Amino acid sequence: IILQPFLTAWFMYLFLRALGLGWGGSIFGAFTFALSGFAIVWWEESYMSGYSMMALPLVLYAVERLGKQIDRWGFFLLVVSIVWSIVSGWFQMTIYVVLLTGLWTAYRIKIKNLALRVLPVIVGAAGVALAISGVHLIPGFEAYLYSARGTSDAKYLFDAYLLPLKNLVTLIAPD
């Protein structure tokens with residue numbers, strides 16, 4: 001838990017420096033992201049989600065690095081950061097990381113003239129990361145198929161615990 005704000009701040013600092021911000025703005029942005037309410041809540045609630053989230057600035061840094069010069073280090077960094085997000089354990093955040101990376105890459109290609117030649121490299125890195133993460137994903141998917149999640153009914157949760165329509169008036173008068 002203690003490592004999360006430091007790594008998150010460092011990765012965001014690298015990303016902001018790659019965007020061309022000065023060291024002062026990069027430090028401010030890094031600590032703002034690393035100590036945001038979202039990050040702090042998820043450190044304590046479920047530390048694996050923080051590790052899935054902290055890969056986002058590292059992925060975006062790798063995309064920026066590859067956009068400037070396609071090299072092995074940028075490719076390796078992109079693969080490692082995507083694998084990091086996948087195996088961290090909170091798949092929902094990994095989906096957000098992948099979606100935001102795709103949107104960021106499309107934005108940089110369309111608006112900021114990122115070379116289109118970087119797109120196959122990014123997609124290739126994502127494919128390599130998915131293949132490496134297969135040792136984690138395949139058994140996890142198999143365990144999900146054998147779990148009781150598909151056979152249990154959660155309708156009672158909606159009926160008993162969520163706000164029934166008859167209690168909607170409590171929004172206006174809680175007592």
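None of these values were measured; they are calculated from a predicted model.
Across all their heavy atoms, Val135 and Ile132 have their closest contact at CG2-O, 3.4 Å. Closest of all the heavy-atom pairs between Met53 and Ala39 is CE-CB, 3.7 Å. Of all the heavy atoms in Ala30 and Ala9, the pair that sits closest is CB-O, 3.1 Å.
The side-chain contact (heavy atoms from CB on, under 4.5 Å) test applied to Leu116 returns Ile109, Leu119, not counting sequence neighbours. The side-chain contact (heavy atoms from CB on, under 4.5 Å) test applied to Arg72 returns no partner, not counting sequence neighbours.
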Solution key, residues 17-29 side-chain donor-acceptor pairs under 3.5 Å, sequence neighbours excluded:
{"from": "Arg17", "atom 1": "NH1", "to": "Leu21", "atom 2": "O", "distance (Å)": "3.1"}
{"from": "Ser26", "atom 1": "OG", "to": "Gly22", "atom 2": "O", "distance (Å)": "2.8"}

Identify all side-chain donor-acceptor contacts of residues 79-98 below 3.5 Å with residues at least two apart in sequence or on another chain.
{"from": "Ser81", "atom 1": "OG", "to": "Leu77", "atom 2": "O", "distance (Å)": "2.9"}
{"from": "Ser81", "atom 1": "OG", "to": "Leu78", "atom 2": "O", "distance (Å)": "3.0"}
{"from": "Trp84", "atom 1": "NE1", "to": "Tyr51", "atom 2": "O", "distance (Å)": "3.3"}
{"from": "Ser85", "atom 1": "OG", "to": "Ser52", "atom 2": "O", "distance (Å)": "3.3"}
{"from": "Ser85", "atom 1": "OG", "to": "Thr94", "atom 2": "OG1", "distance (Å)": "3.1"}
{"from": "Ser88", "atom 1": "OG", "to": "Trp84", "atom 2": "O", "distance (Å)": "2.5"}
{"from": "Gln92", "atom 1": "NE2", "to": "Tyr96", "atom 2": "OH", "distance (Å)": "2.7"}
{"from": "Thr94", "atom 1": "OG1", "to": "Ser85", "atom 2": "O", "distance (Å)": "2.7"}
{"from": "Thr94", "atom 1": "OG1", "to": "Trp90", "atom 2": "O", "distance (Å)": "3.4"}

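Within the 4.5 Å cutoff, side-chain heavy atoms of Thr8 are placed close to those of Phe33. Taking 4.5 Å as the limit, some side-chain heavy atom of Arg117 sits within range of a side-chain heavy atom of Ile70. Annotation: side chain of Leu35 is in contact with side chain of Pro5 (closest heavy-atom distance under 4.5 Å).
Grouping the Ile, Leu, Val, Met, Phe, Trp and Tyr side chains by contacts below 4.5 angstrom, directly or via other members, places Val121 with Tyr107. Hydrophobic clustering of Ile, Leu, Val, Met, Phe, Trp and Tyr side chains at less than 4.5 Å, counting indirect connections, unites Leu99 with Phe38. Side-chain heavy atoms closer than 4.5 Å link hydrophobic residues (I, L, V, M, F, W, Y) into clusters, and following such links, even through other members, never connects Phe6 to Leu14. Under the 4.5 Å side-chain heavy-atom criterion for ILVMFWY residues, a single connected hydrophobic cluster contains both Phe15 and Ile111. Hydrophobic clustering, with ILVMFWY side chains joined whenever heavy atoms are under 4.5 angstrom apart, keeps Met54 apart from Val41.
Within a 6.0 Å radius of CZ in Phe31, other residues, nucleotides and ligands contribute 12 heavy atoms or fewer.
Judged as a side chain to side chain donor-acceptor pair (under 3.5 Å), the pairs with a partner in residues 97-106 (not counting sequence neighbours) are, in order, Glu64-Trp104.
The line from CZ of Phe141 to OH of Tyr144 is 8.0 Å long, rounded to the nearest 0.5 Å. Atoms CG and CZ, on Leu66 and Arg108 in that order, are 12.5 Å from each other to the nearest 0.5 Å.
Grouped by direct or indirect side-chain proximity (heavy atoms under 4.5 Å, Ile/Leu/Val/Met/Phe/Trp/Tyr only), Ile138 sits alone.
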